[in-house]
There are 2 protein chains.
Amino acid sequence: MKQSKSKHAILGLLAQGSGSGYDIKKIVEQKISHFWNESYGQIYPILKDLAATKLVSRKVERQTGKPDRQVYTITARGRASLDDWLSEPAQFQVLRNETLLKLFFGHESDTDANLRLIQRYRDYHLQLIDGCAELEKELKRDHPGDTDLPYWLMTIDHCRVEARAVLRWCDVTLKKLADLDEPTRGRKPRATPVRQRR
Amino acid sequence: MKQSKSKHAILGLLAQGSGSGYDIKKIVEQKISHFWNESYGQIYPILKDLAATKLVSRKVERQTGKPDRQVYTITARGRASLDDWLSEPAQFQVLRNETLLKLFFGHESDTDANLRLIQRYRDYHLQLIDGCAELEKELKRDHPGDTDLPYWLMTIDHCRVEARAVLRWCDVTLKKLADLDEPTRGRKPRATPVRQRR
DNA sequence: GATCGCATGTAAGTGGTTACATGATTTA
DNA sequence: TAAATCATGTAACCACTTACATGCGATC
């Protein structure tokens, strides 16, 4: 098992506070979903593995009415492992962008499809920006004065700054696509069949 | 086998020109590496599968001195499949950003490590911008007047616009990190041991 | 009576990378 | 003579997702 990324992501979250697999999933969705994701299928086996290698400890919390919780807490060894990972340089993996892939094949498609493609991409980034604002408000409300907060806000800022840039690119690109089309068609022929090219 | 993404990526590249698995790999690296990647371990089995399902045809090209080439050409069925895929909306997958993950845990790390983290991220994006400029020049030189060119340039523009935004974010963030640190230390204590926190 | 939230987990499958095998020719 | 380029392919492995199973209590 390597799983270095997910493993350390979970370890890091536990360093910011003990919790269950269910808690981890909630935190991922709420606080870091703009740049990270984890599924239960990863989280539970990794927690088991972390416990087996003594990087975290586990204790059962009985609850009435609700199922028992397995609460995990980082150990000194876990801290050391986290610190090692944090001091290593981060990897930049090539991010696959399906929208750009389709746009790259734009000439194989038709203008309407291309416009729809970028319009959806634009909508998505608008929503992202809203989501960032929402999350920022929430975090500031729920964690005032928290020493972790400034770092959290920096990641939100990254998301927002990037989304804004992409938004502007969308506007420019929508214009370019319309211009590319203009010489060919005399304005809105509409009845373009779906499976047509050029 | 689903492989919808890689499969259609390869199909699309073949639509822009016939070629071998080796050619595909070259094109991926040269033209779309800023937002896509494919390994031989994917390419060759997918080409085999595309040929088996008649979406592409294959013919052997004998070469003297060099090994034979398996040249693949998209068929009418392949075109239809590509068109179907192009008219479907693109998916936005959550991109995992390890740098942001580590920054999110910034308080669990130390300021020097955080600064190094963002500095490396900044360097990477500077290089990316250079790479974009380089690629743009190359494509304009090698494919003047090509009908595909405008779409290719749009994807490069996306990369550049995004990288520039991230670059600015890096500068702001580096300052924020330095400011966060200032109240704690009276300027450059230097001998901070690696495995220290807070 | 349906669905949502809490809570833990597994099995099967997918999508992808890495490393390896082969081997000729050309370049450094 | 070492390494890079051309060229095709496979096997093993890994990371990750999806779907499923279970079951209680609260809300709609």
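As a basis for the values below, the full set of heavy atoms in this structure was taken, side chains included, without hydrogen atoms, waters or symmetry mates. Every chain is numbered from 1, with letters handed out A, B, ... down the list of sequences.
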Donor + acceptor pair across side chains of R116(B), S109(B) (<3.5 Å):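 No, no side-chain donor-acceptor contact under 3.5 Å.
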Distance-only polar pair, side chains of D23(A) and S20(A), donor-acceptor under 3.5 Å: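 Note: D23(A) and S20(A) side chains meet the donor-acceptor criterion.
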Of Y72(B) and R96(B), the one whose closest DNA chain D nucleotide lies more 5':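 Counting from the 5' end, the first nearest nucleotide belongs to Y72(B).
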Separation of atom [atom1] in [X] from atom [atom2] in [N], rounded to whole Å:
X: Q91(A); N: dA15(D); atom1: CD; atom2: P; answer: 11 Å
X: K7(B); N: dT14(C); atom1: NZ; atom2: C1'; answer: 14 Å
X: D68(B); N: dT5(D); atom1: CG; atom2: C1'; answer: 17 Å
X: K5(B); N: dT17(D); atom1: NZ; atom2: C1'; answer: 11 Å
X: I46(A); N: dT8(C); atom1: CD1; atom2: P; answer: 15 Å
X: L47(B); N: dA7(D); atom1: CG; atom2: P; answer: 14 Å
X: Q93(B); N: dT14(C); atom1: CD; atom2: P; answer: 19 Å
X: Y44(B); N: dG16(C); atom1: OH; atom2: C1'; answer: 17 Å

For [N], does OP1 or OP2 lie under 4.0 Å from any side-chain N or O of [X]?
X: K48(B); N: dT10(D); result: yes
X: S20(B); N: dT8(D); result: yes
X: Q70(A); N: dT8(C); result: no
X: Q63(A); N: dA7(C); result: yes
X: Y22(B); N: dC6(D); result: yes

Partners meeting side chain to side chain donor-acceptor pair (under 3.5 Å) with T75(A) (sequence neighbours left out):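 With neighbours one apart ignored, the set is empty.
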Main-chain N/O of W169(B) paired with E162(A) side-chain donor or acceptor, under 3.5 Å: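 Absent.
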Donor-acceptor pair, side chain of N97(A) and main chain of F35(B), under 3.5 angstrom: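 Not a single qualifying donor-acceptor pair exists.
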Sequence neighbours excluded, every pair satisfying ring-ring contact (aromatic ring centres under 6.0 Å, His included) that has a member inside residues 8-27 of chain B: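 For residues 8-27 of chain B: H8(B)-W85(B).
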Derivation of the side chain to side chain contact (heavy atoms under 4.5 Å, CB included) call for Y151(B) and L177(A): CA-CA 9 Å; Y151(B) 299 96; L177(A) 287 172; 3.7 Å; yes
Side chain to side chain contact (heavy atoms under 4.5 Å, CB included) between H107(A) and Q16(B), intermediate numbers included: CA-CA 9 Å; H107(A) 180 251; Q16(B) 300 193 337; 5.7 Å; no
Test: E38(A) and R96(B) ion pair at under 4.0 Å: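 Yes, charged N to carboxylate O under 4.0 Å.
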Axis-to-axis angle between the two ends of the helix from dG1(C)-dC28(D) to dA28(C)-dT1(D) (five base pairs per end, rounded to 10 degrees):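 Here the helix ends are tilted 40° relative to one another.
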Minimum-distance nucleotide to P45(B) side chain [options: dC16(D), dT17(C), dT10(D)]: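 Closest of the options to the side chain of P45(B): dT10(D).
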Close residues, residues 25-41 of chain A, relative to DNA chain D [heavy-atom separation under 4.0 Å]: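 Output list: N37(A), S39(A), G41(A).
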Partners meeting ring-ring contact (aromatic ring centres under 6.0 Å, His included) with Y44(B) (sequence neighbours left out):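 In terms of ring-ring contact (aromatic ring centres under 6.0 Å, His included), with neighbours along the sequence ignored, Y44(B) is linked to Y40(B).
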Distances under 3.5 Å between nitrogen or oxygen atoms of protein and nucleotides 22-28 of chain D:
none

Reference residue L153(B); test side chain to side chain contact (heavy atoms under 4.5 Å, CB included); the match among T155(B), D157(B), L149(B):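 That would be L149(B); it is the only one of T155(B), D157(B), L149(B) passing the side chain to side chain contact (heavy atoms under 4.5 Å, CB included) with L153(B).
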Chi angles and distances behind the side chain to side chain contact (heavy atoms under 4.5 Å, CB included) call for T99(A), L103(A): CA-CA 6 Å; T99(A) 301; L103(A) 182 63; 5.6 Å; no
